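Worth saying up front: this structure is predicted, and the values here are computed from it rather than measured.
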Amino acid sequence: QVQLVESGGGLVQAGDSLRLSCAASGRTFSRYVMGWFRQAPGKERALSAGISWNGGRTYYADSVKGRFTISRDNAKNTVTLQMNSLKPEDTAVYYCAAGESGLTTRSNGYDYWGQGTQVTVSS
């Protein structure tokens with residue numbers, strides 16, 4: 001199995017930055033599409049950022065574009081979400097996900113999920 005472990009969440013003020021990290025097990029990490037989903041209270045889970053297996057293609061939700069940056073280090077089996085200029089509406093549980101198919105915004109396109117890490121942004 002592929003195991004994903006997120007870290008880096010916390011409580012910050014609006015305008016601050018956080019860096020979320022996801023560490024993956026397995027020897028085929030470099031072949032997986034990776035994504036960061038988030039789910040806020042009362043809202044559906046949605047992809048905030050995704051990255052192709054070689055890092056050549058990225059996706060950002062309109063709500064985070066220009067503020068968030070997703071990257072991956074296949075040699076270290078990690079994917080990172082750098083979050084800048086955080087807003088209260090970014091408050092959510094953030095989940096790292098790995099997919100065996102192409103880059104997609106659909107949650108059912110991802111096969112493995114981390115446990116989630118809470119990000120809370122106060123105003």
OG of Ser85 to CG of Asp16, rounded to nearest 0.5 Å, is 9.5 Å

Report task. Find out if a path of hydrophobic residues (ILVMFWY) with successive side-chain heavy-atom gaps under 4.5 Å connects Val2 to Leu103. Result -> no

Residues passing the side chain to side chain contact (heavy atoms under 4.5 Å, CB included) test with Gln82, sequence neighbours excluded, are Ser17, Arg19, Thr69, Asn84

Taken to the nearest 0.5 Å, the spacing of Ser52 OG from Met34 CE works out to 12.0 Å

Salt bridge (Lys or Arg N to Asp or Glu O under 4.0 Å) filter on Lys65, not counting sequence neighbours, yields Asp62

So OG1 of Thr117 and CG of Leu18: to nearest 0.5 Å the spacing works out to 9.0 Å

Residue pairs meeting disulfide (SG to SG under 2.5 Å), one or both in residues 3-113, sequence neighbours left out, come to Cys22-Cys96

For Trp113 and Ser107 the tightest heavy-atom approach is CZ2-O, 3.3 Å

- Is there a side-chain contact between Arg38 and Val119 (heavy atoms, below 4.5 Å)? no

Would the distance check show the side chain of Ser48 and the main-chain N or O of Trp36 forming a donor-acceptor pair, the cut-off being under 3.5 Å? yes

Next item on the list: Is it possible for you to say whether Leu20 and Tyr60 belong to one hydrophobic cluster, with membership spreading through side-chain heavy-atom contacts below 4.5 Å?
Entry: yes

Shortest non-hydrogen pair, Tyr59 vs Leu47, comes out as CD2-CD2, 3.5 Å

dist Asp73:CG -> Phe29:CZ (nearest 0.5 Å) comes out at 8.0 Å

Q. Is Gln115 reaching over with its side chain to a backbone N or O of Glu6, donor-acceptor style, under 3.5 angstrom?
A. yes

Arg45 and Gln39 have their tightest heavy-atom pair at N-NE2, 3.8 Å

- request: Take Met83 and Asp90 through the test side chain to side chain contact (heavy atoms under 4.5 Å, CB included) and record every step on the way to the result.
  value: CA-CA 9 Å; Met83 305 184 294; Asp90 296 320; 6.0 Å; no

| message | Run the side chain to side chain contact (heavy atoms under 4.5 Å, CB included) test on Leu86 and Phe68 for me, step by step, so that the C-alpha distance in whole Å, both residues' side-chain angles and the decisive distance to 0.1 Å come before the verdict. | response | CA-CA 9 Å; Leu86 282 163; Phe68 289 12; 3.9 Å; yes

By side chain to side chain contact (heavy atoms under 4.5 Å, CB included), Thr104 pairs with (sequence neighbours left out) Arg106, Tyr110

Item checked: Cation over ring face, Arg72 and Tyr32, 6.0 Å, 45° -> no

Rounded to the nearest 0.5 Å, the CG atom of Asn74 sits from the CZ atom of Arg31 at a distance of 9.5 Å

Residues passing the side chain to side chain contact (heavy atoms under 4.5 Å, CB included) test with Ala14, sequence neighbours excluded, are Pro88, Val121

Nearest heavy-atom contact between Ile70 and Val79 is CG1-CG2, 3.9 Å

Taken to the nearest 0.5 Å, the spacing of Leu81 CG from Ser21 OG works out to 9.5 Å

Taken in chain and number order and not counting sequence neighbours, the residues that satisfy side-chain hydrogen bond (donor to acceptor under 3.5 Å, both in side chains) with Tyr95 are none

